[in-house]
Amino acid sequence: MSREVRVRFAPSPTGPLHIGGVRTALYNYLFAKKMGGKFLLRIEDTDQGRFVPGAEDYIKESLEWLGIAPEESPWKPGDVGPYRQSERKEMYKQYALDLIEKGHAYYAFDTAEELEAMRERLTAARVVQPQYNGITRTQMKNSLTLPAEEVKARLESGDPYVIRVKIPLKEDVRLNDMIRGWVMVHSSTLDDKVLMKSDGMPTYHLANIVDDHLMGITHVIRGEEWLPSAPLHVLLYKFFGWEDTMPQFAHLPLLLKPDGNGKLSKRDGDKLGFPVFPLNWTDPFSGEKSPGFREQGYLPDAFLNFLAFLGWNPGDDREIFSLEELVEAFSVERIGKSGTKFDIAKAKWFNEQYLRSKPNSELVEFLTASAQMEDIEIPLEKAFAIISLVKDRVTFPDELWKESRFVMVAPTEFDQEVATKKWNVDAVKVLSSYSVALDGFTGNFDAVTAKSLLESTAEAEGIKLGKVMQAVRLAVTGMGGGPDLMEVFAILGSVEVAKRIRFALDTLTVVA
RNA sequence: GGUCCGUUCGUCUAGGGGUUAGGACGUAUCCCUUUCACGGAUAAAACACGGGUUCGAUUCCCGUACGGACUACCA
C-alpha cells in the first residue's frame with residue numbers, strides 16, 4: 001500500500017533560480033531523505049517563448065553547490081524520463097484526448113480577439129469575473145457549441161485550437177494540504193483552463209499532473225502561489241481516474257521582502273544590497289548582472305542552514321544544523337503557514353558561525369588564495385598564526401585577508417585621525433627606546449616576551465603603557481584598531497617590528 | 001473586484017485555555033580588554049482589533065481590519 005516517497009522540484013528555465021525556489025528544492029530534498037525516498041528534478045519548459053539559455057545549467061550548479069542534487073534529473077535520468085517536458089511533448093496529447101473522450105475537456109477555436117471581446121463584453125455587463133467557464137463557454141466557438149461536422153472540419157483543415165478542461169458547474173473541490181489543512185473551493189469559481197496550447201504544448205496544469213502521475217510522485221511540495229490552482233489539479237486527477245495515487249500537497253509560505261510587504265524580488269536585493277540568487281548570473285539577452293550568495297562569500301552549509309530556517313524550525317532552541325542534521329530533524333508539520341520576511345543579518349550570522357567552526361587548515365586556504373591575488377605568498381606557519389588572529393572577526397572568507405593584510409604589508413601611511421589624537425611625545429619616547437631594545441633582542445619573540453619588553457621599556461621612561469598603546473599600534477599597523485597587537489608582534493618578529501617603528505618615527509610628527 | 005491563504009517582540013520563531021508568553025538575529029548597556037572584534041551578562045521589545053464560548057482566552061469559534069498569492073494559449 002505505502003509507496004516509496006518520491007518528490008520533485010520542477011523549475012522552469014526562465015532565468016536564474018530564485019532563492020525561494022532554492023528553498024522549495026531544499027524542503028523537497030529534506031523530505032525525500034527523511035522519508036527514505038527519492039528527490040527528482042523535472043524541467044518545466046513548456047513555454048518555448050520564455051526559454052533562457054544557461055538557466056538549466058544554473059539550476060544544476062546551484063543545487064550541486066548546496067549539496068542537494070536530485071537523484072534523477074535530465075542530467076542523470078532514472079527510468080521515468082525524459083525529465084524535460086519539452087522532450088515529453090508527444091506524450092501529453094493522448095491524455096488531453098482521453099479527457100475529451102470522457103467528457104471532461106473540449107476543443108476551443110476562439111481567437112485571441114474573440115477572447116478579448118468576450119472579456120470586454122462581460123466587463124461591460126458588470127460580470128465580476130470575466131472568464132471562460134461553464135456559463136460563457138456556451139457562447140464561444142468550441143466543440144461543445146459547434147456542430148460535430150464543423151469541429152471535425154476545423155480539426156482536419158488545421159485550424160488552430162486549444163483544449164480546455166470542462167469544469168463542472170457545481171461541485172465542491174476539497175484538498176487536504178499538509179501545511180494548511182482542508183481547503184475547499186467551489187467549482188463555479190474555477191475557469192476552463194487551457195490544457196493544451198495551440199502550439200501543441202501542454203500548459204503547466206496538464207503537464208504537471210500527467211508527469212507527476214507517470215513519475216510516481218507521492219508528495220507535491222511547492223510554493224504557495226500554486227494554491228489557487230491546486231483545486232483544478234485535484235479535479236484533473238479525478239478526471240483521469242488517478243485519485244488513488246494522487247500526491248499529497250504541501251504549499252509553502254512565500255519569501256517576503258525585508259521592508260514593507262510583498263514577495264521578495266531581485267529589486268529588493270539590489271536596493272538593500274544583498275543577493276536573491278544562489279549564484280552570480282548574467283542575463284544572456286540584456287547582459288544584466290545579478291549577484292549570487294556564493295560569490296558574496298556565503299558558505300554553502302551556512303546558506304543552507306539559513307534557508308532551512310526560513311519558514312521551518314525544529315521545535316527546540318537549536319539553530320546550527322548540518323545537512324544531515326536537517327534531514328534528521330525535518331518534518332512538514334513544522335513548516336509555518338505565514339510568509340517569511342527575508343533577513344540578511346541572520347544570514348550573515350549563520351555565515352560567521354560556520355566560518356568560525358571551520359578547521360584552520362581550511363581557512364588558511366581562503367587566506368592564501370586572497371593573498372595570491374596580490375601576488376603575496378604567506379608562509380604556511382604564518383598563515384595559521386594569522387588565521388587564529390582574525391577568524392573571530394570576519395563574516396566572509398575574503399575578509400580574512402582584508403583584516404590581516406597589514407601583517408604582510410607594512411604600512412606606508414597612517415590613520416590620520418588616530419595620529420592626531422594619540423601620537424605624542426610620550427609615545428615617541430617609548431617607541432624610540434623600544435626599537436632600540438628590539439635591536440638588542442635575541443631569543444624567542446613571542447607575544448608574552450614582546451609585551452613584557454614593551455612594559456619594561458615604558459616603565460623605564462616613566463610612562464604608563466596604556467597611554468601609548470594606541471600609538472604603538474598605529475606605528476606598526478598604520479591603523480587604530482585590529483587584532484591583539486602582541487600576537488601581531490610575535491608573527492612579525494622583532495626585526496620587522498623595529499623596522500616599522502622606525503619608519504613611523506621618521507614619518508609621523510607630533511602635532512601638539 | 002472575486003477566490004484562496006495568512007496575522008506572537010523590528011526580524012525568524014516556540015508555545016498553547018490558567019505561563020513572569022521562551023529562544024535566536026538585530027539594537028542598547030555593562031563586564032573582559034591596549035583598540036576593534038570574540039566571549040559573558042543584562043535590558044528594551046510581541047500575542048492586529050471586536051464579539052462570542054468558558055470560571056478563565058494569546059490559545060477555540062465568528063466577524064472586522066490589515067497583508068499576501070492567484071485571477072494568461074506563464075510557470
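Here is how names work: the chains are called A, B, and so on, in the same order as the sequence lines, proteins then strands, and each is numbered from 1.
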Considering only heavy atoms, which members of [range] lie under 4.0 Å from some atom of RNA chain B?
range: residues 471-480 of chain A; result: R473(A), G480(A)
range: residues 41-49 of chain A; result: E44(A), T46(A), D47(A)
range: residues 221-230 of chain A; result: E224(A), E225(A), W226(A), L227(A), P228(A)
range: residues 108-115 of chain A; result: D110(A)

Any N/O pairs under 3.5 Å between the protein and nucleotides 10-13 of chain B? List them or say none.
| unit_1 | atom_1 | unit_2 | atom_2 | d |
| --- | --- | --- | --- | --- |
| C12(B) | OP1 | K341(A) | N | 2.8 |
| C12(B) | O2' | F309(A) | O | 3.2 |
| U13(B) | OP1 | G311(A) | N | 3.0 |
| U13(B) | OP1 | T340(A) | OG1 | 3.1 |
| U13(B) | O3' | N313(A) | ND2 | 2.8 |

For [X], check side chain to side chain contact (heavy atoms under 4.5 Å, CB included) against everything at least two apart and list the hits.
X: A105(A); result: L99(A), I100(A), I163(A), L195(A)
X: K464(A); result: K467(A)
X: A419(A); result: Q416(A), L474(A), L508(A)

Anything under 3.5 Å between a protein N or O and an N or O of nucleotides 60-66 of chain B, put it in a table, one pair a line.
none

* Using the test ring pair (Phe, Tyr, Trp, His ring centres under 6.0 Å), find all partners of F396(A) that sit at least two apart in sequence or belong to another chain. => Y298(A)
Every protein N/O lying under 3.5 Å from an N/O of nucleotides 41-50 of chain B:
none

Counting only pairs under 3.5 Å, give me each side-chain donor-acceptor contact of residues 313-321 of chain A, with atom names and distances, residues two or more places apart or in other chains.
| unit_1 | atom_1 | unit_2 | atom_2 | d |
| --- | --- | --- | --- | --- |
| N313(A) | OD1 | G315(A) | N | 2.8 |
| N313(A) | OD1 | R334(A) | NH2 | 3.3 |
| D316(A) | OD1 | R318(A) | N | 3.0 |
| D316(A) | OD1 | R318(A) | NE | 3.3 |
| D316(A) | OD2 | R318(A) | NE | 3.1 |
| D316(A) | OD2 | R318(A) | NH2 | 3.1 |
| E319(A) | OE2 | K346(A) | NZ | 3.1 |

